[in-house]
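Read through the structure below, which is laid out as structure tokens, and then see the notes.
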Number of protein chains: 2
Amino acid sequence: MTTHKTCQASEETENAVLRGGELERFLGYRLRLAQILSYRKFEESFTDHGVAPRYLGLLGIVRANPGQLQNRLAEAVGLQRSSLVAILDRLEKEGILERRPIPDDRRAKGVWLTEHGESVVAVLSRAALEHEEGLTRGISPADRMRLIDMLGQVIDNLRD
Amino acid sequence: MTTHKTCQASEETENAVLRGGELERFLGYRLRLAQILSYRKFEESFTDHGVAPRYLGLLGIVRANPGQLQNRLAEAVGLQRSSLVAILDRLEKEGILERRPIPDDRRAKGVWLTEHGESVVAVLSRAALEHEEGLTRGISPADRMRLIDMLGQVIDNLRD
DNA sequence: CAGATATAGTTCGATGAAGAACTATACGTT
DNA sequence: AACGTATAGTTCTTCATCGAACTATATCTG
């Protein structure tokens, strides 16, 4: 392990964020980093709306699939069933969604957005659109579509 | 809120993973999902190597930037400084890396991979390559490169 | 029908990450 | 030099998530 002196020419690179060398060519590496940073930035832009911003993905799934079972929702967002309990408790408490027994299976509950939840999702979705513009600066609309499609392919691959 | 009957034609869609409706067009949504699933799959493929697989990204950064400060590493992987402490403790305990005081700043420590750490990273990187093949099935090599480049652009945008 | 097996939602303990606060150190200003 | 401000790594608490275990319910098999 050697120590090397800083020279003037590399002062600018000294202040830059460290890079991951060969791992920069790995999709998994960039996926993780992009997600952490994106997630954080989206959440930082909210000081209201309770916990809902964090769970916009889940709320979108509930909205598109009203009355679905909790285990189905957990699967869809990539969480364990047990993790979803506290989340649903919170969102239910905030009046955003409600759980109700379903007629075919007495073990299970269906999940629905409330009217309030619908409006919260609408607000957050608009904010998310704005957030997306920051994410994709310098990327053409066509390329953005390609990016999203390819991520969809990755997701499908992982779900096989 | 209406309940609707299941008909035969949608039995196949009934078993499919729930989708996110309009949110499927959001990069943030797909980023998160792709990352959760990818991360989980990568980790599931390891029963040895201690905690190292989880932190391959970090180890890659350490490897590419030997002797850098902890706060710089935390920044690079998108973690808080406090979170990095326990991680480094673990990795140091497993003989993968070492922290050492640096001469210019008595508050700070530099982080280096050990020889053992180098070999662990090599093994994990090969496994990650294999993992990548599963992720990108059905995506051409050129498109995969495009995907990675675009994610790099997203990351740079988020770091501005 | 009885019993074995599987499953939905929940609880609880463990783990990883964030955030506040801390100590020691460094830097800037007067 | 003295003092105010900033910072690196750490500790401790809180929170989100996982995984094991649980109870009630559903399904399958003989």
Side-chain angles (χ1 to χ4, degrees), chain A residues 14-15 18 32-33 35-37 39-44 46-47 50-58 62 67-94 97-112, chain B residues 14-15 18 32-33 35-37 39-44 46-47 50-58 62 67-94 97-112:
Chain A
E14 270 247 337
N15 295 328
L18 302 180
R32 189 177 187 200
L33 204 40
Q35 199 274 322
I36 289 173
L37 297 176
Y39 192 67
R40 178 189 293 164
K41 184 129 190 179
F42 187 61
E43 288 221 297
E44 278 171 0
F46 289 97
T47 50
V51 295
R54 162 159 299 180
Y55 304 116
L56 179 57
L58 169 65
V62 172
Q68 284 291 335
L69 308 196
Q70 287 175 213
N71 67 336
R72 296 272 275 150
L73 297 177
E75 179 189 27
V77 293
L79 286 185
Q80 302 298 316
R81 290 173 297 144
S82 60
S83 307
L84 202 64
V85 174
I87 294 170
L88 294 177
D89 288 346
R90 283 286 296 277
L91 292 170
E92 191 164 17
K93 188 174 177 181
E94 291 184 12
L97 56 79
E98 58 195 358
R99 281 175 285 195
R100 298 201 297 260
I102 58 165
D104 300 333
D105 188 339
R106 287 168 58 180
R107 298 171 299 182
K109 297 181 188 173
V111 180
W112 284 268
Chain B
E14 270 247 337
N15 296 327
L18 301 180
R32 190 177 188 200
L33 205 40
Q35 199 274 321
I36 289 173
L37 298 175
Y39 191 66
R40 178 188 295 165
K41 184 129 191 182
F42 187 61
E43 286 222 297
E44 278 170 0
F46 291 96
T47 51
V51 296
R54 163 160 300 183
Y55 303 116
L56 179 58
L58 168 65
V62 173
Q68 285 289 337
L69 307 196
Q70 287 175 214
N71 68 336
R72 295 274 274 149
L73 297 177
E75 178 189 30
V77 293
L79 287 186
Q80 301 299 315
R81 290 172 300 145
S82 59
S83 310
L84 201 65
V85 174
I87 294 170
L88 293 177
D89 287 347
R90 283 286 295 279
L91 292 170
E92 192 164 16
K93 189 172 177 180
E94 291 183 14
L97 55 80
E98 56 195 358
R99 280 174 283 194
R100 300 203 295 261
I102 60 165
D104 299 334
D105 187 337
R106 286 168 60 179
R107 298 170 300 181
K109 298 180 185 173
V111 181
W112 285 266

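Every value quoted in this text rests on a predicted model; they were computed, and no experiment measured them. The chains referred to below are lettered A, B, ... by the order of the sequence lines, with proteins before strands, and numbering in each begins at 1.
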Side-chain donor or acceptor of Arg40(A) paired with backbone N/O of Gly78(B) under 3.5 Å: yes
Tell me which of Ala108(A) and Arg40(A) sits closer to the 5' end of DNA chain C, going by the nucleotide each one is nearest to. Ala108(A)
Closest non-hydrogen contact found for Pro53(B) with Phe42(B) is O-CE2, 3.6 Å
With sugar-phosphate meaning primed atoms plus P, OP1 and OP2, does Gly110(A) contact a base, only sugar-phosphate, or nothing at under 4.0 Å between heavy atoms? nothing
Separation of Ile36(A) atom CD1 from dG16(C) atom C1', in whole Å? 12 Å
By nearest heavy atom, map Asp104(A) and Ser82(A) onto DNA chain D; which one lands nearer the 5' end? Ser82(A)
Give me the bend of the helix from dC1(C)-dG30(D) to dT30(C)-dA1(D), using the axes of the five pairs at each end, rounded to 10°. 30°
Specify the closest pair of heavy atoms between Leu69(A) and Ile102(A), including all atoms of both residues, with the distance to one decimal. CD2-CD1, 3.3 Å
Distance test, side-chain N/O of Ser83(B) to OP1/OP2 of dG16(C), below 4.0 Å: no
Taking the nucleotide of DNA chain D with the closest heavy atom to each, which residue, Leu79(A) or Asp89(B), is nearer the 5' end? Asp89(B)
Whole angstroms only, please: what is the OH-P distance between Tyr55(B) and dT15(C)? 12 Å
Just so I know, are the side chains of Gln70(B) and Lys109(B) near enough to count as touching, which here means a heavy-atom distance under 4.5 Å? yes
Is Gln70(A) close enough to dT10(C) that one of its side-chain N or O atoms is under 4.0 Å from OP1 or OP2 there? yes
Show the nearest heavy-atom pair for residues Ala52(B) and Glu94(B), with the distance to one decimal. N-OE1, 4.3 Å
Rounded distance in Å - CD1 (Ile102(B)) to P (dA26(C)): 10 Å
Answer whether the closest heavy-atom distance between the side chains of Glu75(A) and Leu18(B) falls below 4.5 Å. no
Using whole Å, what does the distance between atom C1' of nucleotide dT15(C) and atom CD of Glu43(B) come to? 12 Å
Reading DNA chain D from 5' to 3', where do the contacts with chain B start and stop? Cut-off is 4.0 Å to heavy atoms. dA6(D) to dC18(D)
Lys41(B) side chain reached by Leu37(B) side chain, heavy atoms, under 4.5 Å: no
Does a side-chain heavy-atom distance below 4.5 Å link Asp89(A) with Arg99(A)? yes
Looking at every strand, decide which applies to Leu84(A) at a 4.0 Å heavy-atom threshold: base, sugar-phosphate, or nothing. nothing
Is there a side-chain contact between Leu79(A) and Leu58(A), using heavy atoms and a 4.5 Å cut-off? no
For a quick check of understanding: with a heavy-atom distance under 4.0 Å over all strands, which category does Arg106(A) fall into, base, sugar-phosphate or nothing? sugar-phosphate
